[in-house]
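From a predicted model like this one, the values you see are computed outputs, not experimental measurements.
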Amino acid sequence: MVVDRLADIHAALTDLYEQLAGEERAWRLAEEAEKSRLQQKIRLTWQRIREYDREYVLTLSKRVKRADLPEPIAEAVMAEFVDELEVLAPMEKRDETKQLLLEILAELRKPGVPASAKLKVAIPIIPNVVSYELEGDTESVVRRLFPTFVKVYEAIAAKK
């Protein structure tokens, strides 16, 4: 079942992001001789995260299309997406990714459309961003948006 797989991916990503935070913290505090080994661990953890990122966003976007998110939750999630995308889009150096981020932002800013409807259009665009990210070796947009995805996931899981 999709929700069960979504829960599994969500749990794996949560664990991996916690692991990454610990590794990055250890790297900052480590002696110079230890930093190379820790950097390799960080790269390996990022590789594992990227393996889950695309599936997570694809699975979540499919669920969002079918789910009826309560409007107050949809509005809160949408506001967070807008805040994050307003920061991410101007900083993005890759044209394709920047264009997709601006496209998502445009969908979220459409006047007169309920927030839940905006999310149903905007979230499915995000897997395309993840695809471009997998080609490069950059920090994930999904990492930045993950806390907002958690809210969407929790709203969907609560309706189950």
>> I need the minimum non-hydrogen distance between V64 and L119, along with the two atoms involved.
In response: CG1-O, 3.9 Å
Under 4.5 Å between side-chain heavy atoms, hopping through other hydrophobics if needed: is there a path connecting [X] to [Y]?
X: V150; Y: L108; answer: yes
X: L105; Y: V152; answer: yes
X: W27; Y: W46; answer: yes

Sidechain-backbone polar pair: [X] side chain, [Y] backbone, donor-acceptor under 3.5 Å:
X: K118; Y: K110; result: yes
X: S61; Y: L58; result: yes
X: E71; Y: A115; result: yes
X: K65; Y: I123; result: no

>> Does E107 form a side chain to side chain contact (heavy atoms under 4.5 Å, CB included) with I104? I'd like the steps, not just the answer.
In response: CA-CA 5 Å; E107 288 297 331; I104 295 166; 5.8 Å; no
Nearest 0.5 angstrom please: [X] [atom1] to [Y] [atom2], how far?
X: R48; Y: L13; atom1: CZ; atom2: CG; value: 10.5 Å
X: L20; Y: R25; atom1: CG; atom2: CZ; value: 10.0 Å
X: I42; Y: Q39; atom1: CD1; atom2: CD; value: 4.5 Å
X: D15; Y: H10; atom1: CG; atom2: NE2; value: 9.5 Å
X: E24; Y: T45; atom1: CD; atom2: OG1; value: 9.0 Å
X: M78; Y: I73; atom1: CE; atom2: CD1; value: 14.0 Å

> Should we count NZ of K41 as having more than 12 external heavy atoms under 6.0 Å?
Replying inline: no
>> By the definition ring-ring contact (aromatic ring centres under 6.0 Å, His included), identify the one residue from Y52, Y17, Y153, F81 that meets it with F146.
In response: Y17
> Does a salt bridge link E86 with R109, judged by any charged N lying under 4.0 Å from a carboxylate O?
Replying inline: yes
> Does the side chain to side chain contact (heavy atoms under 4.5 Å, CB included) test come out yes or no for V57 and L145, once each step is laid out?
Replying inline: CA-CA 10 Å; V57 175; L145 297 176; over 6 Å; no
> Do Q19 and E23 have a side chain donor and acceptor closer than 3.5 Å?
Replying inline: yes
> Please walk me through it: do E55 and R5 pass side chain to side chain contact (heavy atoms under 4.5 Å, CB included)?
Replying inline: CA-CA 10 Å; E55 185 180 3; R5 181 61 185 151; 2.8 Å; yes
>> For a 4.5 angstrom cut-off between non-hydrogen side-chain atoms, does V113 reach V121?
In response: no
